[in-house]
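Notes for the one structure printed next.
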Amino acid sequence: MNDTNDFALDMISRKLEEGVAEIFKGENYQRYLKTLSYFRKYSLNNSLLIFMQRPDATLVTSYSNWKKLNRYVNKGEKAIRILAPLKKKKDKTEGNDDDDDDIILGYRAASVFDVSQTNGSDVSLSLAKPLETAVDNYQLFINALLLASPVKIHFNRIEGETNGFYRPIDKDIVVKEGMSESQTVKTVLHEIAHAIMHAQETERNERTRIRQEIEAESVAYSVSSYYGIDTSEYSFNYIATWSSSSELPELKNSLQTIRSTSSRLIETINSIISPGT
């Protein structure tokens, strides 16, 4: 690995450390979760790097890959710098040559460009179409969530301000009936996120409870955003204040959990709504 690449990696690492803290300030976190829904197949570090350098990005790839798609990077555009793994294939005699089992030898700095920085042939962004407010689509989505949930979901009357809750002992979710469609979807996603992420957690204190609520609400917002459902007015009343009481490693661990859970839910929902695609 040469000195130029070492320097580039050092700069990227420094940017990551600064960026994780900045993510939770003001509207940055809301914008990051939207970015996360587009780049769910990227690593946490690379999704952070893409967001910090181009928060409005929706589809990125290398200069050469854009050329293969008959699109060309506009003159003067600044590249988005990310981390690309240096891989070595495992010996096929070991019984598996899947890409996920490649040996990672290290990383190099790589340049990518967003589709908005290019021109040429039309490309499919491969993004889910926003769900309409029509009842048919709403019911389709709710049915998909019922299938995607790892536990049973019940719609019941709930007194007070609570919109829903996950019961780890009973292994089920209860959601208040009669809410608006967007509030119902957001609440169902929030509680499914709890069931996925927190079912095995036994520690019970205020700090843990706040972290769990922020993680679940972040997943709910990210997945809702992917499907064109805006829950920001509800979701961000308290999320942005969380970072003041957390250390940097804790924040980064939660971002990784949020990223992987959001990705898992989107992939599961997509497989139910559009099987075989």
Side-chain angles (χ1 to χ4, degrees), residues 4-5 7-87 99 107-131 218-219 221-232 236 252 255-256 258-267 269-270 277:
T4 301
N5 191 63
F7 177 76
L9 289 175
D10 287 343
M11 292 294 291
I12 288 174
S13 297
R14 194 173 303 118
K15 185 182 289 290
L16 273 172
E17 291 303 314
E18 295 169 355
V20 170
E22 290 295 320
I23 284 293
F24 292 90
K25 293 183 180 179
E27 296 181 352
N28 284 352
Y29 191 49
Q30 178 178 349
R31 293 161 64 200
Y32 170 69
L33 290 178
K34 286 186 177 181
T35 301
L36 187 66
S37 71
Y38 293 134
F39 299 108
R40 61 189 187 281
K41 292 185 181 297
Y42 280 71
S43 68
L44 171 64
N45 284 345
N46 279 337
S47 65
L48 282 167
L49 286 168
I50 293 168
F51 168 75
M52 287 186 289
Q53 295 168 78
R54 200 169 186 94
D56 59 346
T58 57
L59 180 66
V60 303
T61 192
S62 66
Y63 185 95
S64 59
N65 281 343
W66 281 126
K67 286 184 67 176
K68 293 176 183 176
L69 295 170
N70 293 316
R71 290 190 69 86
Y72 302 89
V73 175
N74 300 327
K75 186 177 180 180
E77 292 287 355
K78 184 178 180 180
I80 302 167
R81 301 288 276 173
I82 64 172
L83 299 168
L86 298 170
K87 295 182 178 180
D99 286 344
Y107 292 87
R108 63 179 177 83
S111 296
V112 293
F113 297 86
D114 182 55
V115 64
S116 64
Q117 298 175 280
T118 68
N119 66 86
S121 301
D122 289 339
V123 293
S124 169
L125 298 185
S126 300
L127 302 178
K129 295 180 179 179
L131 292 176
S218 297
V219 169
Y221 177 83
S222 184
V223 177
S224 295
S225 178
Y226 177 83
Y227 291 104
I229 303 169
D230 184 10
T231 67
S232 56
F236 285 92
K252 197 167 184 180
L255 289 177
Q256 177 62 49
I258 291 162
R259 186 202 71 81
S260 60
T261 306
S262 298
S263 175
R264 170 180 169 180
L265 264 176
I266 290 171
E267 295 297 333
I269 294 167
N270 282 349
T277 61

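Every heavy atom of this structure was used, including side-chain atoms; hydrogens, water molecules and symmetry mates were not. All residue numbers in this chain count up from 1 along the given sequence.
- No donor-acceptor distance shorter than 3.5 angstrom exists from the side chain of R108 to the backbone of A84, with no hydrogens or angles considered.
- With sequence neighbours left out, N70 forms a side chain to side chain contact (heavy atoms under 4.5 Å, CB included) with Y72, S121.
- I266 approaches Y227 most closely through the heavy-atom pair O-OH, 3.3 Å.
- A donor-acceptor pair is defined here as one N or O able to donate and one able to accept, closer than 3.5 Å; no such pair exists between the side chain of S47 and the backbone of Y42.
- Taking OG of S62 as the start and NZ of K67 as the end, the distance is 10.5 Å to the nearest 0.5 Å.
- Annotation: side chain of W66 is not in contact with side chain of V112 (no heavy-atom distance under 4.5 Å).
- Counting all heavy atoms, side chain and backbone alike, Q53 lies closest to A79 at OE1-O, 4.0 Å.
- Put simply, CD1 on I82 and CG on N46 are 4.5 Å apart, with the number rounded to the nearest 0.5 Å.
- Among residues two or more places apart in sequence or in another chain, the side chain to side chain contact (heavy atoms under 4.5 Å, CB included) test is passed with S263 by R40, E267.
- Within the 4.5 Å cutoff, side-chain heavy atoms of L33 are placed close to those of I258.
- Annotation: the span from I269 atom CD1 to R264 atom CZ amounts to 11.5 Å, rounded to 0.5 Å.
- Atom-to-atom distance recorded for L59:CG and T118:OG1 is 8.5 Å, nearest 0.5 angstrom.
- Closest heavy-atom contact between S111 and R81: OG-NH1, 2.7 Å.
- From I80, atom CD1 reaches atom CZ of F51 across 12.5 Å, with rounding to the nearest 0.5 Å.
- Taking OH of Y226 as the reference point, atom CG of L265 lies at 12.5 Å (rounded to 0.5 Å).
- By the side chain to side chain contact (heavy atoms under 4.5 Å, CB included) test, E77 pairs with R54, V73, N74, F113, Q117, sequence neighbours left out.
- Looking at N45 and S43, their side chains never bring a donor and an acceptor atom within 3.5 Å of each other.
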